[in-house]
Amino acid sequence: MARARTVHRCEECGAVTTRWAGRCPACGAWNALVEEIDLASGPRRPAGAAASAPGWVPGLGDRPVRMAEVEAQSARAVPTGMAELDRVLDGGLVPGSVSLVAGEPGTGKSTLLLQAAGALAASGRRALVVSGEESKAQVQARARRLGTLSEGLWVASETCLPDILAAMAEVEPDLCVIDSIQTLHDPALESAPGSVAQVRHCAQRLVATAKETGAAVVMVGHVTKEGSIAGPRLLEHVVDTVLTFEGERHQGLRLLRAVKHRFGPTGELGLFEMAGAGLVEVADPSAHLLGDRRPGISGSLVLPAMEGGRPLLVEVQSLVMEAGNPAMARRSAQGLEAGRIPMLLAVLERRAELKLSSMDVYVSVVGGVRVSEPAADLAVLLSIASATRGGAVADDTVVFGEVGLGGEVRQVVHTPRRLAEAQRLGFRRAVVPASVSDGPPGLVLEKVTHLVEAIERVAAH
Ligand code: TYD
Ligand code: MG
């Protein structure tokens, strides 16, 4: 096959050059030239097509239809059979769609997708797993260990894009897993696998193939702690769906989130636990997250947080101690918005007159969950106050509310769902903003207007 002509386009100014250079000859930007197939040359471009449209794919023009007659795409979603994954995808995988599962190495992306492929294959569909990182035998061994081997499960160990597309043509899968996009390369480009040029080009070809064949394609994208060079960020606008898969390597809990979803809401959260035989879906996350909680410890408190559309009871913990060096008191926040902690500490010092400037303050949300909503303010503040004073908060109490700079407690969204979850798990008391009108039976509401009042209520109990 004759190699397509490639050019180098400047990521900064869009200028096109035939040869790669360290610096763009047009705008002078460094390391901005990225190789791509020259659409202005060769037989791929029909007459009249815009030569300048990057990523343009022939024959895939979208025909207009009456708006009222547009078929609801979510209605076409095919459940994978993994309930937590299907929940995050708002039903399942849409045929012809392309999704990206982004996460750090070792979080369990390969395992998740192998289990999803297995579940889909078990329902009589066909799934092709393309691994660029493992041999066929290795993938098979893993599938066997996960108990997902079945008739409809296919495997290829391949990194060369044209060969992968050929494999897809041969197998005609309903789902094609690409593990990972960073390992792929198309010999039509000279750039190395994992480079911006290869990653983008291969992803675009996969998008075109998915649309043509109706296969749902799910790609793995590695992210490094430092933020990857060529990976997920680059692909976000190319794919229909971006899922992030996170979790501490040393903790069992894994969180799957849709951060972009063309066929449904984003923000939905799926929870898994990495166990001996793969990922196990966590059906009752609140119970799971509170499972190891020890009652009667100062600084420990339960917050009904919202993750996606889902209430989640999490334990907030604080530890406050005299700083070794008062001039450099430490502040650490795990699972919380770190930037909000200094503000909350200032409110606590000024409005509740707790002396904290020479203290080390550690706050953490237990279980690997990240809470970034302001509704956590009151729980964080009461947790720090409890840790500072040494008294424990009653075990049967949950706390939520936003706290303003004046120390006033403000209302938050989704109050009924937070309260219902607290009641479901047997809590009896909720410290809430004064504007909350009523809660579920059996749950006593302690309505507070100010931080100081909340501290007193919690301590008095
Ligand atoms: P893996 O799916 O390979 O992660 P990724 O593709 O994101 O890099 O799995 C990550 C880790 O999970 C691996 O180091 C071992 C562990 N693991 C289990 O604990 N149990 C299992 O059943 C499997 C398959 C993996
Ligand atoms: Mg992997």
Side-chain angles (χ1 to χ4, degrees), residues 297-307 312-366 369-394 397-415 418-419 422 427 429-436 445-461:
I297 296 178
S298 70
S300 161
L301 213 144
V302 175
L303 161 73
M306 291 298 293
E307 264 288 355
L312 210 57
L313 296 195
V314 295
E315 181 183 358
V316 179
Q317 287 188 330
S318 295
L319 190 63
V320 176
M321 52 193 269
E322 203 80 48
N325 177 358
M328 290 178 65
R330 266 175 241 172
R331 267 85 235 257
S332 142
Q334 265 193 31
L336 286 160
E337 196 116 347
R340 211 166 165 86
I341 300 297
M343 188 275 263
L344 293 177
L345 289 177
V347 171
L348 212 44
E349 286 229 15
R350 192 65 202 271
R351 308 295 174 192
E353 289 170 16
L354 280 182
K355 197 85 191 73
L356 290 163
S357 55
S358 62
M359 308 293 256
D360 286 340
V361 180
Y362 302 89
V363 193
S364 122
V365 170
V366 183
V369 180
R370 273 202 71 81
V371 180
S372 53
E373 46 167 8
D377 289 353
L378 190 59
V380 170
L381 288 170
L382 295 188
S383 162
I384 297 172
S386 155
T388 309
R389 297 168 147 209
V393 173
T397 303
V398 298
V399 176
F400 65 86
E402 182 178 348
V403 178
L405 290 177
E408 79 280 11
V409 177
R410 298 164 166 270
Q411 60 181 314
V412 298
V413 292
H414 300 306
T415 293
R418 296 177 203 267
L419 294 175
F427 287 85
R429 221 163 63 116
V431 179
V432 298
S435 55
V436 174
L445 298 187
E446 300 261 11
K447 302 180 188 181
V448 293
T449 54
H450 197 272
L451 171 63
V452 172
E453 193 189 350
I455 293 176
E456 280 161 10
R457 289 285 184 93
V458 169
H461 185 63

Exercise. Distance-only, no hydrogens or angles: does the Arg351 side chain make a donor-acceptor pair with backbone N or O of Leu405 under 3.5 Å?
Worked result: yes

Exercise. Side chains of Asp377 and Arg340: does their closest heavy-atom pair fall under 4.5 Å?
Worked result: yes

Problem set entry | From CG (Leu303) to CD (Glu373), nearest 0.5 Å | 6.5 Å

Problem set entry | CD on Gln334 to CZ on Arg370, rounded to 0.5 Å | 9.5 Å

For this session: Enter the distance from Leu336:CG to Ser318:OG here, rounded to the nearest 0.5 Å.
Result: 8.5 Å

For this session: Answer whether the closest heavy-atom distance between the side chains of Val409 and Val431 falls below 4.5 Å.
Result: no

Seminar exercise, completed: Between Ser383 and Gln317 the two heavy atoms that sit nearest each other are OG-C, 3.6 Å

Exercise. Okay, side chain of Glu349, backbone of Leu356: is any donor-acceptor separation there less than 3.5 Å?
Worked result: yes

Seminar exercise, completed: Correct closest heavy-atom pair for Ala376 and Val371 would be CB-CG1, 3.8 Å

Exercise. Can you find a pair of side-chain heavy atoms, one from Glu322 and one from Ser358, that are under 4.5 Å apart?
Worked result: yes

Exercise. What's the spacing between Glu456 CD and His450 NE2 if we round to 0.5 Å?
Worked result: 10.5 Å

Exercise. When you measure from the side chain of Asp360 to the backbone N and O of Met321, does any donor-acceptor pair fall under 3.5 Å?
Worked result: no

For this session: Could you tell me whether the side chain of Thr388 reaches within less than 4.5 Å of the side chain of Ile384, counting heavy atoms only?
Result: yes

For this session: Considering non-hydrogen atoms only, spot the tightest contact between Arg418 and Pro304 and give its length.
Result: NH1-O, 2.9 Å

For this session: Evaluate whether atom CZ of Arg331 has more than 12 neighbouring non-hydrogen atoms of other residues, nucleotides or ligands under 6.0 angstrom away.
Result: yes

Problem set entry | Check: Thr449 side chain, Ala434 main-chain N or O, donor-acceptor pair, under 3.5 Å | no

For this session: Might you point out which heavy atoms bring Ala394 and Arg429 nearest each other, and give the distance in Å?
Result: CB-NH2, 4.3 Å

Exercise. OG/Ser386 to CG/Leu381 distance, rounded to the nearest 0.5 angstrom?
Worked result: 12.0 Å

Problem set entry | Backbone of Arg457 reached by a side-chain donor or acceptor of Glu446 within 3.5 Å | no

For this session: Indicate the atoms forming the closest heavy-atom contact of Ala352 with Ile455, along with that distance.
Result: CB-CD1, 3.8 Å

Problem set entry | 4.5 Å side-chain heavy-atom contact, Val432 and Thr415 | no

For this session: Measure the shortest side-chain to side-chain distance between Leu378 and Phe400 over non-hydrogen atoms and say whether it is less than 4.5 angstrom.
Result: no

Exercise. Got a second to check how far Thr397's OG1 is from Leu301's CG, nearest 0.5 Å?
Worked result: 8.0 Å

Problem set entry | Where Ser298 and Ala387 come nearest, the two heavy atoms and their spacing | OG-CA, 4.2 Å

